[in-house]
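Every value quoted in this text rests on a predicted model; they were computed, and no experiment measured them.
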Amino acid sequence: MKNTLLKLLNPISWIKAYSYHRKNTKYDKSAYDLELFFYSRILKNDMLHYGYFDNSQIAPEEISIKQFEEAQIRYSENIIAQIKQPEAYVLDVGCGMGGFSGLLLQHNFKVEALTPNVDQKKYINSKYTKVTVHQSKFEDFHTDKKYGTIINSESLQYIRLEQAFKNVERLLLPDGRWIVVDYFQDNEGKRRSPHQLQDFRNKLKEYQWEVVMEQDISLHILPTIKLVYMYAERFLLPLQHLAFEKLRYKKSWLYYLTKEERNSVIKKMEKEIAVVDPQKFLKERKYMFFVLKKKA
């Protein structure tokens, strides 16, 4: 406690703390996604999406890590089944840790992956050596190559719609397919992410895309939402309460001084947990599976 007080009273410590604060608030999610890093340490198949549960009624308490990873494989296999130009290159946009690209390799596809995250690129280069990885945002990606299939699996939400449509049109081979599997906002709320489903449909008409397949798979990814929500309620919130109460009993002076910070943490947690409220998710969002091609 003495050392902490000395730091609080030292002007140099405040200057260093402010400098550290300035540096670390410049957080670019596309370059270093904390959530993806967290999930990658839990799941060992290098897949970071919601998965696809055939049994949409399974209780979250019954889901094992093995079952969840199997659901992720099933999700990926559903996408692979829609690739109709096996001889042409596949571009995996927003490839995460490379698990899906690796599975494409196992199915003998020629794969290129795209990520803005330098750590993900290094990881994929070391583990999936036959996958060509481009480090770039999709908006900034330029190549002379054309692709038979472009896949946005839970990555379209991070890309401006206008730019996404222009880039896909430029990169896709004639008769190529654009596969979009992602969740969309399905109400009038004005959120930056994800995209409004109606806005996406409007862009399909504007850029003259034909919908080869459209499927609402919200119920099949919902077990994952329920699982995350259950862990948040049963573990995360009690853990947060325990930590704050420990601080109050052991260092009440610090507990008193950090009231605003603690309230900020609580509000942030409440906001994040609300996003994975299953009922709220179904009310406000749809998780869609689109297979698209340009109209002739």
Within one Ile-Leu-Val-Met-Phe-Trp-Tyr cluster: Leu222 and Tyr75, side-chain cutoff 4.5 Å: yes
message: Quick one: does any side-chain atom of Lys110 pair with a main-chain N or O of Glu87 as donor and acceptor, under 3.5 Å?
response: yes
message: Does either side chain, that of Glu154 or that of Tyr287, offer a donor lying less than 3.5 Å from an acceptor on the other one?
response: yes
query: Would you say the side-chain atoms of His49 and Ser76 include a donor-acceptor pair closer than 3.5 Å?
result: yes
message: Tell me if the CD atom of Glu61 is crowded by more than 12 foreign heavy atoms within 6.0 Å.
response: yes
query: Is a donor on one side and an acceptor on the other found under 3.5 Å between the side chain of Ser64 and the backbone of Gln67?
result: yes
- prompt: With side chains defined as the heavy atoms from C-beta onward, is the minimum distance between Arg74 and His220 less than 4.5 Å?
  reply: no
task: Treating Ile, Leu, Val, Met, Phe, Trp and Tyr as nodes and any side-chain heavy-atom pair under 4.5 angstrom as an edge, say whether Ile217 and Leu282 lie in one connected cluster.
output: yes
- prompt: Could you give the distance from CH2 (Trp178) to CG (Leu91), rounded to the nearest 0.5 Å?
  reply: 12.0 Å
statement: Here the pair of heavy atoms bringing Tyr123 nearest to Asp46 is OH-OD1, 2.8 Å
query: Just wondering, more than 12 heavy atoms not from Lys84 lying within 6.0 Å of its NZ?
result: yes
query: Heavy atoms, side chains only, cut-off 4.5 Å: are Arg285 and Phe184 in contact?
result: no
field: Sole candidate of Gln196, Glu206, Glu214 that passes side-chain hydrogen bond (donor to acceptor under 3.5 Å, both in side chains) when paired with Arg201
entry: Glu214
- prompt: Can you tell me how far the NE2 atom of His142 sits from the CG atom of Leu171, to the nearest 0.5 Å?
  reply: 9.0 Å
- request: Taking the side chain as every heavy atom from C-beta outward, state whether Thr258 and Leu247 have any atom pair closer than 4.5 Å.
  value: yes
query: From Met269 CE over to Leu239 CG, what is the distance, rounded to the nearest 0.5 angstrom?
result: 8.0 Å
- request: Could you check Leu292, Asp199, Val180 and say which one makes a side-chain contact (heavy atoms from CB on, under 4.5 Å) with Leu204?
  value: Leu292
message: Has Lys286 got a side-chain atom pairing as donor or acceptor with Lys283's backbone, closer than 3.5 angstrom?
response: no
message: Could you tell me if Gln163 and Asn167 have a donor-acceptor pair between their side chains, going purely by distance under 3.5 Å?
response: yes
message: Tell me whether Lys127 at atom NZ has more than 12 heavy atoms from other residues, nucleotides or ligands lying less than 6.0 Å away.
response: yes
task: For residues Phe100 and Asp92, report the shortest heavy-atom separation together with the two atoms involved.
output: CD2-OD2, 3.7 Å
field: CG (Asp175) with more than 12 external heavy atoms under 6.0 Å
entry: no
field: Nearest atoms (heavy-atom pairs only) where Val275 meets Phe281
entry: O-CD1, 4.2 Å
message: Under a 3.5 Å cutoff, is there a donor and acceptor pairing between the side chains of Tyr89 and Thr132?
response: no
- request: On the 0 to 90° scale, with breaks at 30° and 60°, tag the Phe53-Phe68 ring pair as parallel, tilted or perpendicular.
  value: parallel
- prompt: Are Leu161 and Leu172 co-members of a hydrophobic cluster defined by side-chain heavy atoms under 4.5 Å apart?
  reply: yes
message: Taking the side chain as everything from C-beta on, heavy atoms only, tell me whether Tyr231 gets closer than 4.5 Å to Glu233.
response: no
task: Report the residue from Ile80, Val291, Leu104, Ile83 that forms a side-chain contact (heavy atoms from CB on, under 4.5 Å) with Thr149.
output: Ile83
message: Test of understanding: clusters of I, L, V, M, F, W, Y form through side-chain heavy atoms closer than 4.5 Å, transitively. Do Leu173 and Phe109 belong to the same one?
response: no
Asn108 side chain near Pro86 side chain, heavy-atom distance below 4.5 Å: no
query: So, Ser252 side chain and Tyr249 main chain: donor-acceptor pair closer than 3.5 Å or not?
result: no
message: Please tell me whether Phe290 and Phe200 form a close aromatic pair, meaning their ring centres lie under 6.0 Å apart.
response: yes
- prompt: Is there a donor-acceptor pair under 3.5 Å between the side chain of His195 and the backbone N or O of Leu156?
  reply: yes
statement: Heavy-atom nearest pair, Pro238 first then Ala232, reads CD-O, 4.2 Å
- request: Could you state whether Ile179 and Tyr147 fall into the same hydrophobic cluster, counting links through intermediate Ile, Leu, Val, Met, Phe, Trp or Tyr residues with side-chain heavy atoms under 4.5 angstrom apart?
  value: no
message: Whether the Thr115 and Asn117 side chains hold a donor-acceptor pair (N or O, under 3.5 Å, no angle test) is what I'd like checked.
response: no
message: How close do Arg170 and Phe141 get, counting heavy atoms only, and between which atoms?
response: NH2-O, 2.9 Å
message: Between Met47 and Leu103, is there a side-chain heavy-atom distance shorter than 4.5 Å?
response: yes
query: Taking atom OH of Tyr52 and atom CD1 of Ile221, what is their separation to the nearest 0.5 Å?
result: 11.5 Å
field: Student check: side-chain heavy atoms of Val111 and Tyr128 closer than 4.5 Å
entry: no
message: Do Arg248 and Glu245 have side chains that approach each other closer than 4.5 Å (heavy atoms only, starting at C-beta)?
response: yes
field: Spatial distance of atom CG (Leu227) from atom CD (Glu62) [nearest 0.5 Å]
entry: 11.5 Å
message: Pair Phe165, Trp209 - check side chain to side chain contact (heavy atoms under 4.5 Å, CB included), show working.
response: CA-CA 10 Å; Phe165 274 82; Trp209 284 87; 3.5 Å; yes
query: What's the verdict on side chain to side chain contact (heavy atoms under 4.5 Å, CB included) for Lys268 and Glu272, showing C-alpha distance, side-chain angles and the deciding distance?
result: CA-CA 6 Å; Lys268 174 67 174 175; Glu272 294 295 332; 2.9 Å; yes
field: Residues Tyr207 and Glu162: side-chain donor-acceptor under 3.5 angstrom
entry: yes
- prompt: Once you round to the nearest 0.5 Å, how far does CE of Met213 lie from NZ of Lys293?
  reply: 14.0 Å
query: Of Ile159, Asp182, Val181, which is the lone residue that meets side-chain contact (heavy atoms from CB on, under 4.5 Å) with Asn152?
result: Ile159
message: Test your reading of the model: is there a side-chain donor-acceptor pair from Arg262 to the backbone of Tyr255, 3.5 Å cut-off?
response: yes
- prompt: Where is the tightest heavy-atom contact between Ile124 and Met97, given as atom of each residue plus distance?
  reply: CG1-O, 3.5 Å
